[in-house]
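Hydrogens, waters and symmetry mates are skipped; everything else that's a heavy atom, side chains included, is used. Convention: sequence-line order gives letters A, B, ...; per-chain numbering from 1.
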Amino acid sequence: MSLKRIIQIIATIIQNSYIPVFFSGGIYQGILKKGCVPILNCWGCPLAWYSCPMGALQHFIGLKLIPFYILGFFGTIGMVIGRMSCGWICPFGFFQDLLYKIKSVKMKLPKWCSYIKYVILIGVAGIAVYLTGEQWFCKLCPNGTLIAGIPLILADKTGDLRALVGWHFYMKIAILIFVILFSIIIKRFFCRTFCPIGAIYSIFNRFSLLKLKIDKEKCIECKSCQMACPMDVPIYRASNHIDCIRCLDCVKICPTKAIKYELR
Amino acid sequence: MNYGRAALISTFVVGGGQMYSGRFWTGICFAVIFYGSIVLMINIWTELNPAFWGLVAVWILVWLFNIYDAYKGMSYEKPQCEKTCPAGIAPWIYINLVATESKQYYPFVPFFDTLERICPAPCEEHCTRQGINSSVAIKYLKSGVKKTIPSFKQKTKKEKIAIVGAGPCGLTTAYYLAYKGYEAVIYEKEKIPGGVLATLIPEFRLPKSTIDKEIENILNIGIGLKCGIEIGKDLSMDELLKKYDAVFIGTGAWKPEKLGIPGEENALIGFNILEQIKKGKNFNLGRVGVIGGGNTAIDIARSLTRQGNEVKIYYRRSIEDMPAEQENRIETQEEGIEIIPLTLPKEIKKDRVTMVKTECPEGRNGPVKMIQASEFNVALDNVVMAVGQQPETDFLKGYVKLDKFSRIITKNGKTSHPKIFAGGDVVLGSATVAHAVGHGMKTAKRIDFYLKRIPLFLGRLFSKTYQPKVKLLPINDINRITIPHRDIEERIHDFEEVELKVSKEELKREATRCLSCPLRYRP
């Protein structure tokens with residue numbers, strides 16, 4: 001198992017290991033929930049220790065406040081490592097990585113789909129939230145459905161939550177199945193098309209301190225970097241592409257060692 | 001493996017077809033996603049509301065994809081060797097079969113053994129192995145592959161297709177159409193089938209026994225062959241269109257191009273020389289200058305050298321930019337034939353030729369400029385022109401659209417006439433056998449879709465690819481095999497094959513060098 005996989009597993013466990021939930025039955029609401037993780041991990045999950053930055057961002061937008069804390073948080077992480085946290089510690093990204101391992105018919109994502117995530121960020125998680133005061137992205141988020149919605153409803157003993165299940169929850173499950181199906185067919189489908197956190201980080205990819213560098217002299221354009229890339233980025237010609245999650249797999253596998261990362 | 005049955009099983013049991021075809025965990029995953037979500041919905045059911053239909057739509061999507069997946073089988077990402085192959089062969093698969101000494105057979109590809117000898121091998125230029133030492137000998141490894149030999153196939157469909165030209169492209173198209181159950185009839189102008197392979201390419205590059213066996217294998221499947229009939233002369237195009245449901249044109253490019261210089265009528269035509277050498281004529285031409293840098297020019301030079309003539313090749317660009325196969329060119333230089341680059345004839349006279357120096361700074365596709373006042377005379381007894389060919393498509397005028405080089409304009413094999421299809425050199429100008437085979441395969445598919453009235457994109461979506469069991473081998477540091485050649489002194493006097501065969505073990509050793517990119521480089 002590679003280092004990346006080990007870190008992904010450890011990160012998933014650290015972020016979602018509030019064991020007392022099995023005895024007390026309530027989600028964690030202590031001091032750690034005031035802190036954000038730098039990736040998409042629903043704070044409604046019964047096991048979650050930390051809060052989701054997207055949820056926090058929408059919370060402040062819904063209150064019509066400027067979310068200085070979250071913007072600064074995204075800005076700091078983005079400026080230093082770009083989209084690296086997507087590749088190394090995002091549990092939902094890890095989940096999609098595993099789904100793509102299923103042996104099936106695989107397809108390529110059209111290029112324009114990479115820009116849908118900006119529409120989601122500005123439209124669903126921005127304008128819609130500002131106008132209505134409701135957290136619209138959280139209402140649709142497949143990660144929330146998977147790790148918070150379904151477990152909470154299945155574990156519900158009193159029946160209060162089950163009574164709330166309506167068209168909204170049906171739609172959430174439909175979105176989740178859709179995302180899972182396409183993650184089997186397409187590499188990291190959700191990260192590339194819908195993820196608003198990825199959209200924010202991808203803006204910093206070009207300026208971040210951590211960068212990938214291609215030695216054009218050594219590169220033989222064998223395209224094995226693109227084949228091994230979990231985001232299907234053509235690294236050999238676009239080393240700091242908006243979809244690059246700095247998982248550094250390409251650095252490891254490049255047969256000529258033409259790809260290097262530098263922190264400056 | 002019966003993928004149709006797998007799809008049928010998957011229609012009734014989601015995930016069942018995948019398990020049937022050996023992908024157990026894929027089947028489990030599909031079943032969990034589909035049945036799991038249904039169980040979940042039953043568990044938390046409250047009311048029927050419009051959003052439920054959205055959920056139903058997603059379930060149908062999962063179900064449909066599960067059937068499609070069972071039908072298609074798993075797919076690998078195409079590596080560079082497969083992407084760049086003009087003949088549409090997957091080299092990494094057959095190399096893997098050789099390396100693992102697999103009992104599986106590679107499916108029959110028309111002219112596979114021919115391509116082993118006369119392919120420009122763009123796959124080797126793009127091979128990932130170059131990052132470690134040098135590319136795998138993809139072309140040479142073809143000799144170690146176990147292939148299926150086609151047997152006679154009963155014609156199950158009533159449509160008949162006429163194929164004009166029994167060259168590599170025509171025969172390939174006919175093979176794939178016959179394989180699909182159509183009745184294919186080939187019309188050939190010459191007495192023997194094979195086109196350029198049978199009439200032009202010299203013995204030392206492609207032995208007659210090989211090509212005869214290949215054509216026999218192809219015809220085995222049940223193809224009607226009518227030799228000695230020229231379309232437009234013995235049989236009109238109208239008749240052909242009336243009698244058949246579709247017509248395929250694969251006549252190739254046979255009209256020699258001209259430079260348009262004074263005295264060109266004194267020069268010999270390259271094609272005629274090759275044709276007559278192949279028929280057994282002995283030429284005694286003395287000092288010969290061959291003009292051109294393609295495979296034809298080099299073949300002429302090597303053939304004439306073998307008959308005791310003193311040959312030099314004149315080419316207008318640099319040696320690296322020659323369109324001929326690199327291997328062929330190097331063998332030529334080994335045999336002592338001088339290649340004079342950056343030279344163009346200006347005037348041809350009976351006993352001498354006026355040449356002019358050229359420059360082409362932009363490489364193979366850039367323009368060629370003559371250098372002022374650099375003319376010089378060369379004493380030559382004969383000049384042979386081999387500067388490219390054009391298709392002869394006069395018999396098609398009024399039926400299909402042609403471009404200014406009298407090539408047929410096609411879109412995915414389809415011409416402007418709904419019933420006429422075309423492929424090979426008649427579309428490409430002058431290309432290679434590999435291109436012709438690839439075109440033949442694609443056009444046969446296109447004709448199949450046309451006759452079944454399936455739109456192209458649907459046909460492509462449901463067309464199946466060959467999927468054997470492949471195994472990932474560890475990376476080793478073996479160097480590239482040196483392909484043994486016959487001794488130069490010996491080989492320049494006869495027409496026996498130049499390349500020698502190596503043992504099975506050495507081929508296997510070479511095959512283990514392949515990195516199997518699609519298996520190794522994946523997330």
Would you say [X]'s side chain and [Y]'s backbone share a donor-acceptor pair under 3.5 angstrom?
X         : Y         : value
Thr26(B)  : Lys103(A) : yes
Arg522(B) : Ala228(A) : no
Thr46(B)  : Val165(A) : yes

Other residues, nucleotides, ligands: >12 heavy atoms within 6.0 Å of [X] [atom1]:
X         : atom1 : answer
Arg509(B) : CZ    : no
Lys103(B) : NZ    : no
Lys83(B)  : NZ    : yes
Glu217(A) : CD    : no
Arg5(A)   : CZ    : yes
Tyr261(A) : OH    : no
Lys72(B)  : NZ    : yes
Asn476(B) : CG    : yes

Is [X] in contact with chain A via its backbone, its side chain, both, or neither, using a 4.5 Å heavy-atom distance?
X         : result
Ile475(B) : neither
Cys81(B)  : neither
Tyr76(B)  : neither

Between [X] and [Y], which heavy-atom pair has the shortest distance, and what is it?
X         : Y         : value
Met171(A) : Ala51(B)  : N-CB, 4.2 Å
Met227(A) : Pro523(B) : O-CD, 3.5 Å
Cys29(B)  : Ile102(A) : SG-CD1, 3.4 Å
Ser75(B)  : Lys106(A) : OG-N, 2.7 Å
Thr128(B) : Cys222(A) : OG1-CB, 3.4 Å

Under 4.5 Å from any heavy atom of chain B, what part of [X] do you find: side chain, backbone, both or neither?
X         : answer
Ile175(A) : neither
Lys218(A) : neither
Lys4(A)   : neither
Leu176(A) : neither
Phe178(A) : both
Ile177(A) : both
Met231(A) : neither

task = For Tyr170(A) and Trp53(B), run ring pair (Phe, Tyr, Trp, His ring centres under 6.0 Å): C-alpha distance rounded to whole Å, both residues' side-chain angles, the deciding distance at 0.1 Å, then the answer.
result = CA-CA 9 Å; Tyr170(A) 287 11; Trp53(B) 301 113; over 10 Å; no
Would you give the length of the straight line joining atom [atom1] of [X] to atom [atom2] of [Y], rounded to the nearest 0.5 angstrom?
X         : Y         : atom1 : atom2 : result
Ser224(A) : Arg520(B) : OG    : CZ    : 10.5 Å
Glu125(B) : Glu221(A) : CD    : CD    : 13.0 Å
Ile185(A) : Tyr68(B)  : CD1   : OH    : 9.5 Å
Ile173(A) : Ser37(B)  : CD1   : OG    : 8.0 Å

message = Check this for me, if you would: do Glu77(B) and Lys223(A) make a salt bridge, where the nitrogen-to-carboxylate-oxygen distance has to be below 4.0 angstrom?
response = no
Proximal to chain B - members of residues 85-99 of chain A, heavy-atom separation under 4.5 Å = none
key: Neighbourhood of chain B inside residues 237-260 of chain A, taking heavy atoms under 4.5 Å as contact   = Ile253(A), Pro255(A), Thr256(A)
request  = Taking heavy atoms only and a threshold strictly under 4.5 Å, list by residue number the residues of residues 58-66 of chain B that touch chain A; give 'none' if the list is empty.
outcome  =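 Listed by number: Val58(B), Trp59(B), Leu61(B), Val62(B), Phe65(B).
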ask   = Are Ile184(A) and Ile33(B) close enough that some pair of their side-chain heavy atoms sits under 4.5 Å apart?
value =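 Counting from C-beta outward, Ile184(A) and Ile33(B) do come under 4.5 Å.
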task = Count the heavy-atom pairs under 4.5 Å between each of Val56(B), Asp69(B), Leu515(B) and chain A, then report the option with the highest count.
result =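 The answer is Asp69(B).
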inquiry  = Can you tell me which of His126(B), Met41(B), Gln18(B) forms the most heavy-atom pairs within a distance under 4.5 Å of chain A?
reply    = Met41(B)
request  = Identify which of Met107(A), Arg162(A), His168(A) forms the greatest number of heavy-atom pairs closer than 4.5 Å to chain B.
outcome  =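 The answer is Arg162(A).
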request  = Could I get the full list of salt bridge (charged side-chain N to carboxylate O under 4.0 Å, His left out) partners for Lys452(B), not counting sequence neighbours?
outcome  = Asp448(B)
